[in-house]
Amino acid sequence: MLADILQSELVTSLLGALIAVAAAVVVVLIVALAFRITARRRPWAGQLIDTARRPFRAALVVCFVWVSLGITVTDPQAASAIGLAMRILAIVTIAWLVGAIIVFLENLGLARYRIDTPDNRVARRVRTQVLILKRLSIVVVVVVALGAVLLSFPGAQTFGASLLASAGLLSIIAGLAVQSSLSNVFSGMQLAFSDAIRVDDVVIVEEEWGRVEEITLTYVVVHIWDDRRMILPSTYFTSRPYQNWTRRNSELLGSVEFDLDWRVTPQHMREELDRVLSRTPLWDKRVSVLQVTDAVGGYVRIRILVSAVDAPALFDLRCFVREELVTWLHEQSPVSLPRVRVQDTAEADMRRPSLDPEPNPGTGGLFSGDPEAENRGSLFTGRIDVVRPAETE
C-alpha cells in the first residue's frame, strides 16, 4: 500500500515537473517573441537576448519546477531534501542571470564610447572605469551567491558561530596572507577612478613602450610594441614612476636627427621636408621644424620635429620622414652626406727625432776638441788616433 502511494506521488511529482518545464518554455517563448519584436526598433533588445537567453531559461525552469515539486511532494524528508537542492539551483541560476545582465549593461554602456577614434580620451577613461566596476560587481554577485548557498544548509549558522569565535586569530592570519592582494585590489580601484591610466593609454614601463591592454582589480596588462605582454601588479602604477604619453591628449611630438657634412644647406633640406610632409596623412599639420642643433667636430647635426595624432602614427611618420630625406640626400644633395677627412703627411715629418748627440765631424784624436787638449796631446810621442770600426774594413 505504501509503495503504491510513493509510486503515485513520484508519478505525480514527475508530471508536475514536466508541466512546470512546459510552462517555463511557454513563458520563455512569449518573452523572447516580445523582445524580438522590440529588437526591430531597439538594438539593445537583441543584445539582451543574446547575452541573457541561457541563464534566463535556466532560472525560469528551476523556479517553476521548484514550485511544482513543493506542491506535489508531501513527504517531509523528501520535501526538505528537494527544497534544499532546488534552493541551491535557484541561487546559482539567478546569480548567473544577474551576472549576464551586468555584462549586458557593460556592453551597452561601452557601445557609446568607442576608442578607435582620434580623440578618445573620455572613451578610454569610461571604458577603464566600467571594466573595473564590472569585475567588482561580478565578484560581489559570486560572493553573495556563495553566502546564500552556505546559509541554505541547516548547520551553516553553527559553523559561522564557531568561525567567529576564533575571529581574532583568523583575522591576523588572513590579514597577513591577503595583504598584498588587498593592496592590489585597492590600487586597481584607485587607478580606475583617479584617471591616472586608462585602457589604450601609451605608457613607458620598465624601459618598454606599449599600450595598456587590460586593467583588472589586481594587475595591469601592457601590450608591448613587439606583441609581448607585460603583466604588472596594480601597485606598480601607484608606487613607481612611469611615462604616460596620452595622459591629457593623444597628440605627440617626435624627432628625426641627421649628422651631415658641413656643406649641407639647411634651407634646401627644410623645403624638402615641407614637400615630404605634404604627401603623407600621418602628419597632423601642427608642428614641422628643422633646426641645426649642433655644429662641432666633423658633423652638422640636423634635428627635425614633427607631430602626429597618436604614438603609432608618430612612429610611422618619423620612419617615413627619415627614409624620404635619406633618399633626397643621396639623389639631390650628395655633398651633404657625412664624410671623414684624413690628412696625409710626409714620412720624414713623422720620423721620431734621435735622443743621441751628433758626433763632432772635425775630431778624430784622443785629446782633441780645444787648444788645451791639443797641448796635452803633444806631450806624448805622437798623436793617438781613435780607430773606428768602419776604417778596419
Side-chain angles (χ1 to χ4, degrees), residues 114-121 123-124 197-214 220-230 232 241-340:
R114 303 183 50 152
I115 62 175
D116 55 350
T117 57
D119 189 9
N120 56 4
R121 185 172 63 89
R124 288 186 284 109
I197 59 172
R198 300 170 293 266
V199 174
D200 208 44
D201 266 348
V202 178
V203 295
I204 303 293
V205 290
E206 299 294 324
E207 299 182 357
E208 295 282 358
W209 181 93
R211 287 182 175 273
V212 178
E213 186 177 57
E214 186 180 2
V220 177
V221 180
V222 179
H223 186 182
I224 307 300
W225 64 273
D226 56 358
D227 278 344
R228 290 178 296 153
R229 264 69 174 180
M230 182 179 293
L232 297 168
Y242 60 93
Q243 297 182 38
N244 189 340
W245 287 12
T246 54
R247 175 68 176 82
R248 291 297 181 187
N249 46 37
S250 60
E251 293 84 1
L252 294 172
L253 292 177
S255 64
V256 180
E257 293 187 340
F258 294 91
D259 285 336
L260 302 176
D261 191 79
W262 280 75
R263 290 179 291 180
V264 65
T265 306
Q267 182 59 33
H268 294 169
M269 198 171 182
R270 190 175 291 112
E271 294 172 357
E272 179 62 22
L273 174 64
D274 294 338
R275 287 190 290 268
V276 169
L277 293 178
S278 64
R279 298 198 304 266
T280 175
L282 298 172
W283 182 48
D284 62 359
K285 300 185 171 87
R286 289 191 305 116
V287 177
S288 172
V289 178
L290 187 147
Q291 294 175 320
V292 179
T293 58
D294 206 351
V296 295
Y299 300 102
V300 173
R301 175 157 295 180
I302 302 292
R303 187 181 70 171
I304 298 171
L305 289 180
V306 290
S307 59
V309 294
D310 53 24
L314 178 63
F315 181 81
D316 293 339
L317 177 62
R318 292 170 61 196
C319 295
F320 177 76
V321 170
R322 189 180 295 111
E323 179 180 346
E324 291 294 320
L325 289 181
V326 166
T327 303
W328 177 79
L329 288 170
H330 277 280
E331 295 178 353
Q332 304 297 329
S333 183
V335 296
S336 302
L337 297 176
R339 289 175 173 82
V340 178

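Minimum interatomic distance between D259 and R301 (heavy atoms only, all atoms of both residues): OD1-NE, 2.9 Å. For the pair A308 and A313, the tightest heavy-atom approach, listed with the atom from each and the gap, is CB-C, 3.8 Å. The minimum heavy-atom distance between L290 and P266, with the atom names listed, is CD2-O, 3.9 Å. Nearest heavy atom pair, residue V306 against residue L314, reads O-CD1, 3.9 Å. The two atoms that bring W283 and L317 nearest to each other are CA-CD2, 3.9 Å, heavy atoms only. Contact between F258 and L329 at its shortest, heavy atoms only, is CD2-CD1, 4.4 Å.
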*Could you walk me through whether E208 and W225 pass side chain to side chain contact (heavy atoms under 4.5 Å, CB included), step by step?*
CA-CA 8 Å; E208 295 282 358; W225 64 273; 4.0 Å; yes

*asked:* Walk me through whether M269 and W328 qualify under side chain to side chain contact (heavy atoms under 4.5 Å, CB included).
replied: CA-CA 9 Å; M269 198 171 182; W328 177 79; 4.0 Å; yes

*Applying side chain to side chain contact (heavy atoms under 4.5 Å, CB included), run through S288 and D274 and close with a yes or a no.*
CA-CA 8 Å; S288 172; D274 294 338; 3.8 Å; yes

*asked:* Go through it in stages, so that I can follow the logic: the residues are V321 and L277, the test is side chain to side chain contact (heavy atoms under 4.5 Å, CB included), and I'd like the CA-CA distance, side-chain angles, deciding distance and then a yes or no.
replied: CA-CA 8 Å; V321 170; L277 293 178; 3.8 Å; yes

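In this structure, the side chains of E272 and Q332 stay at 4.5 Å or more apart for every pair of heavy atoms. Counting only heavy atoms from C-beta outward, the side chains of L260 and P338 approach each other to under 4.5 Å. At least one side-chain heavy atom of I304 sits under 4.5 Å from a side-chain heavy atom of L325. V202 has its side chain out of reach of N244: every pair of non-hydrogen atoms, C-beta onward, lies at least 4.5 Å apart.
Interatomic distance, CG of L305 versus CZ of R318, reported as 10.0 Å (0.5 Å rounding). A distance of 4.0 Å separates CD in E213 from CZ in R229, rounded to the nearest 0.5 Å. Atom CZ of R211 and atom NE2 of H223 lie 10.0 Å apart (nearest 0.5 Å). Rounding to the nearest 0.5 angstrom, the gap separating the CD atom in E324 from the OG1 atom in T327 is 6.0 Å.
Enclosure of atom CZ in F315 is not indicated, since only 12 or fewer non-hydrogen atoms of other residues, nucleotides or ligands lie within 6.0 angstrom.
With hydrogens and angles ignored, the 3.5 Å screen pairs a side-chain donor or acceptor of R339 with a backbone N or O of L337.
When each of V205, I204, L232 is checked for a side-chain contact (heavy atoms from CB on, under 4.5 Å) with Y242, only V205 meets the rule.
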